[in-house]
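Heads up: the structure comes next, in structure tokens.
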Amino acid sequence: MRRLLAATVAALLVASACGADDEGQTPTTASATTAVTTTDTTGAEQPTSTTRGDTATTAGSGGPVLVTVGLRAFASCDAILNYYIENALELVGPYGLDGGPSIWRGDSDDAMVEEAMAAAEADAAPATNASQSAPSFTGTNVQVAGVDEADLVKTDGFYIYSLLDERSRLRIVEVEGGVMNLQATLDVGFEPREMLLHEDTLLLVATEWRVGAVTRIAQVDISDRRSPEVVADLSMDGLYNGARLSDGVARVVITSNPVGIEWEHPQGSGLRAEQEAIEANRELVRNSTLGNWLPAYVQADLEGGAPEWGQLVDCSNVLAPGVFSGLNTLSILLFDLSAGITDWTTASVVAEGDTIYATPESVYVATSRWVNWGALSEDDVRSESRGYATLIHKFDTSGSSRPVYEASGEVEGFLLNQFSMDEHNGDLRVAATAGPSWWWTEDSESHVTVLRPVGDVLEEIGSVWGLGEGERIFSVRFMGPDAYVVTFRQVDPLYALDLSDPTNPEVLGELKIPGFSSYLHPVGEDRLLGVGQDASLEGRVEGLQVSLFDVSDPTDPIRVAQLPLPEDHDPDMYSWSPVENDHRAFLYFEDLAYVPYHSYWWEDDEDYHVLDAGVAVVEVRSGDLVLEALLRPLEDGPVREDDRLWNRAWRSVPQRVMVIDDWLYSVSSFGIGVHRTDNWERGTFLEYPER
């Protein structure tokens, strides 16, 4: 496989210092190279540091174009290794490197849903006979028009491609006029959890736990839908963070940990055993190689030969934040799908990071300063949270040649999810909470900050604070010059913000109501639909609800309609929607909101459990929400646990929905349900065969 970085660039940047780590390298393992001493690694051995007034440039077109105050380049592969070693020596303990728990965020524009669906269709072009008329269909509910997002289910209007399978296989189902025919079932040898669709190619992606976290990508040729074929299989060290697709170029983000070091543990009790283990682990760090820190890749030979393997990223494309952000490596990989996944380009940052936001031209990655949260007391967590900053790095991914690092900035606090970031007129707006999303603090508050590229810095030009004091953000939606933020602890304040003057963002109004919305979706110029949970005044969650907000007067946002799901909801009933955790489960099409749901309760009088699951179809009017139908995939009405359908009903809870021509398809791991959209008549349920 040809490597994508030009040999001349590699020579300019790393020369003889990199040796076998460059183009034509031999695979690097923990025992393959000589130990590197770190007794004096200051000066030239450190990443080139810059300031706002002193920006360094790289020595060629193959590496990052700019080195800013946010990220610093390395002079050589040895300098990268020394950076890892010196920082690891500060952290290593009697059991090795323990970075503490990751900061898990809820995996929570002016573009309306029609534009987003059109963009999704553009990257899901049907492969069919030219004489066959193209159906109308909805795509994945995405954040940004023109940027498709990897998901469990895709469609091109003629076929449904689903990874929702009880054995994690790929199902390809032909659909026409409400009739479904299973064309193929493909076991790719692992359990893919997301995929991208481009013309006759599917990319299936997953994190496997093999020798640590491994991201695996299978490229599947679906030109023959009856006989899909894996044509490439790529594995790489690291945890899969997400993938986007624009103009036929897939952008995959992973985070990799140090690998290949067998840490010593204390042999027996006592301080001597502990200290001996620390010293042994420090020696292991000193003797580590670049292969212990930078991720490797393995490209399988599908003909049965020996796999190709080596270092995933080139030294010239590795950067480090100005503030130490951990020993993990976050990498952005670009794959031009016209060429497949046997070639790629990368940009890497030595940092933690799991939140990505993408436009058609750029990828923003939020990284976190390293903190061993697990070692802190409750008071120390509060103290450490004050002033905590999230770093945000912008990469230009408009071309297929390579990601180009552009700028970095920071905001105080923690981000919720990808919707916490939004680009508008060149500025990046960021919503954050000055307190961890996984920890309630009485003094937490949220804010919206505007960052503008000024040279190579994302410079703060405006911010507004004071949102939800003592609460944290549950959902965010940016809509052109406006923003809407939901915070919650006992009541749900919906804040309406005016960002038309990015240097002076303002909170124009707020609405305090019980409960919260986990997902906000624009349903018109002045209306927002919220999917979330109702709650008591004390903050006790009471069940799934859909809310309609009128924001035509941002100084006085009002909830004009509230609809519990199902309508006969009881406070003792548990009801939930996958939309609350994953926006891709939601569909809004032709003034109808489709919300997959399931509810579960105990009938005291009859002494049995009851399950109700399906898709709630909600008509959105100017000032009202009307439940059009509850579309259950198997039969009308809830199912009792003594019913013959009980097990099948549990297995057929819808996770994704799509409209193709005049039919609504609801996809579960058990099969696919179908209903007409003119009268909601149920069609035949396609139950997947066991084999």
Side-chain angles (χ1 to χ4, degrees), residues 104-108 141 151-153 164 166 193 416-417 419 437-438 472-475 486 488-492 513-521 529-536 538-548 561-588 593-603 608-618 625 627-634 637-641 645-658 664 666-670 673:
W104 296 104
R105 301 173 177 87
D107 238 323
S108 304
N141 178 33
D151 196 13
L152 288 161
V153 178
L164 284 167
E166 293 179 338
R193 299 309 303 157
L416 174 66
N417 55 29
F419 286 91
S437 61
W438 39 266
R472 60 180 175 85
I473 292 176
F474 267 63
S475 59
V486 170
F488 177 75
R489 186 162 190 178
Q490 288 183 307
V491 294
D492 166 8
I513 50 178
F516 58 88
S517 296
S518 297
Y519 176 66
L520 294 173
H521 194 90
L529 189 75
V531 180
Q533 292 283 324
D534 196 4
S536 68
E538 292 74 32
R540 179 179 179 270
V541 174
E542 295 185 339
L544 180 65
Q545 68 172 0
V546 178
S547 300
L548 181 64
Q562 177 186 16
L563 181 65
L565 294 177
E567 279 190 311
D568 57 352
H569 178 78
D570 184 277
D572 294 327
M573 177 189 298
Y574 170 79
S575 56
W576 178 82
S577 171
V579 176
E580 296 179 72
N581 291 332
D582 192 338
H583 64 282
R584 296 167 297 184
F586 179 81
L587 174 63
Y588 184 71
Y594 297 89
V595 183
Y597 75 95
H598 79 263
S599 57
Y600 179 72
W601 68 94
W602 173 262
E603 286 285 359
Y608 57 72
H609 289 98
V610 177
L611 170 69
D612 188 14
V615 179
V617 183
V618 181
L625 297 172
L627 183 62
E628 281 274 317
L630 293 176
L631 306 181
R632 301 172 178 94
L634 296 177
V639 178
R640 295 169 33 164
E641 63 181 325
L645 290 178
W646 176 257
N647 289 330
R648 297 179 73 229
W650 268 114
R651 298 165 67 190
S652 60
V653 174
Q655 299 296 313
R656 295 294 187 270
V657 291
M658 60 191 65
L664 174 78
S666 58
V667 187
S668 69
S669 61
F670 188 55

Considering non-hydrogen atoms only, spot the tightest contact between [X] and [Y] and give its length.
| X | Y | answer |
| --- | --- | --- |
| Leu520 | Gly530 | CD2-CA, 4.0 Å |
| Gly543 | Ser575 | CA-OG, 3.4 Å |
| Val653 | Ala613 | CG2-CB, 3.8 Å |
| Ala535 | Pro514 | O-CB, 3.0 Å |

What is the distance from atom [atom1] of [X] to atom [atom2] of [Y], rounded to the nearest 0.5 Å?
| X | Y | atom1 | atom2 | value |
| --- | --- | --- | --- | --- |
| Gln655 | Arg584 | CD | CZ | 11.5 Å |
| Phe586 | Ser518 | CZ | OG | 13.0 Å |
| Leu645 | Leu634 | CG | CG | 6.0 Å |
| Leu544 | Asp534 | CG | CG | 10.0 Å |

Discussion item. Set out, in order, the CA-CA distance, both residues' side-chain angles and the distance that settles side-chain contact (heavy atoms from CB on, under 4.5 Å) for Tyr594 and Met658, then state yes or no.
Written reply: CA-CA 9 Å; Tyr594 297 89; Met658 60 191 65; over 6 Å; no

List in chain and number order the residues that pass side-chain hydrogen bond (donor to acceptor under 3.5 Å, both in side chains) with [X], two or more places apart in sequence or in another chain; answer none if no residue qualifies.
| X | value |
| --- | --- |
| Trp646 | none |
| Tyr597 | Asp612 |
| Gln533 | Glu580 |

Discussion item. Ring-plane angle category for His609 and Tyr600, please: parallel below 30°, perpendicular beyond 60°, tilted otherwise.
Written reply: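 Correct class here is parallel.
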
Could you pull out all residues at least two apart from [X] that satisfy salt bridge (Lys or Arg N to Asp or Glu O under 4.0 Å)?
| X | value |
| --- | --- |
| Arg193 | none |
| Glu166 | Arg651 |
| Arg656 | Asp151, Asp582 |

Beyond-backbone contact of [X] with [Y], side-chain heavy atoms, under 4.5 angstrom:
| X | Y | result |
| --- | --- | --- |
| Arg632 | Val639 | no |
| Pro654 | Val667 | no |
| Leu416 | Phe474 | no |
| Ile473 | Val486 | no |
| Ser666 | Val615 | yes |
| Ser668 | Pro633 | no |
| Leu630 | Pro566 | yes |
| Val618 | Leu563 | yes |

Discussion item. Tell me every residue that passes side chain to side chain contact (heavy atoms under 4.5 Å, CB included) with Val610, counting only those two or more places apart in sequence or in another chain.
Written reply: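 Result, side chain to side chain contact (heavy atoms under 4.5 Å, CB included) vs Val610: Trp601, Glu603, Tyr608, Pro638, Arg640.
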
Discussion item. Before you tell me yes or no, could you show the steps for Trp602 and Met573 under side-chain contact (heavy atoms from CB on, under 4.5 Å), namely the whole-Å CA-CA distance, both residues' side-chain angles and the distance that decides it to 0.1 Å?
Written reply: CA-CA 8 Å; Trp602 173 262; Met573 177 189 298; over 6 Å; no

Worksheet item: So, Ser547 side chain and Gln562 main chain: donor-acceptor pair closer than 3.5 Å or not?
Response: no

Worksheet item: Between Ser652 and Phe670, is there a donor-acceptor pair closer than 3.5 Å when you use the side chain of the first and the backbone of the second?
Response: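 Such a contact is absent between Ser652 side chain and Phe670 backbone.
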
Item to complete: For Val595 and Val657, run side-chain contact (heavy atoms from CB on, under 4.5 Å): C-alpha distance rounded to whole Å, both residues' side-chain angles, the deciding distance at 0.1 Å, then the answer.
Response: CA-CA 8 Å; Val595 183; Val657 291; over 6 Å; no

Worksheet item: Can you check side-chain contact (heavy atoms from CB on, under 4.5 Å) on Leu625 and Leu529, steps first, answer last?
Response: CA-CA 10 Å; Leu625 297 172; Leu529 189 75; 3.7 Å; yes

Worksheet item: So Asn141 and Tyr519, side chain to side chain donor-acceptor pair (under 3.5 Å) or not? Walk me through it.
Response: CA-CA 12 Å; Asn141 178 33; Tyr519 176 66; 3.0 Å; yes

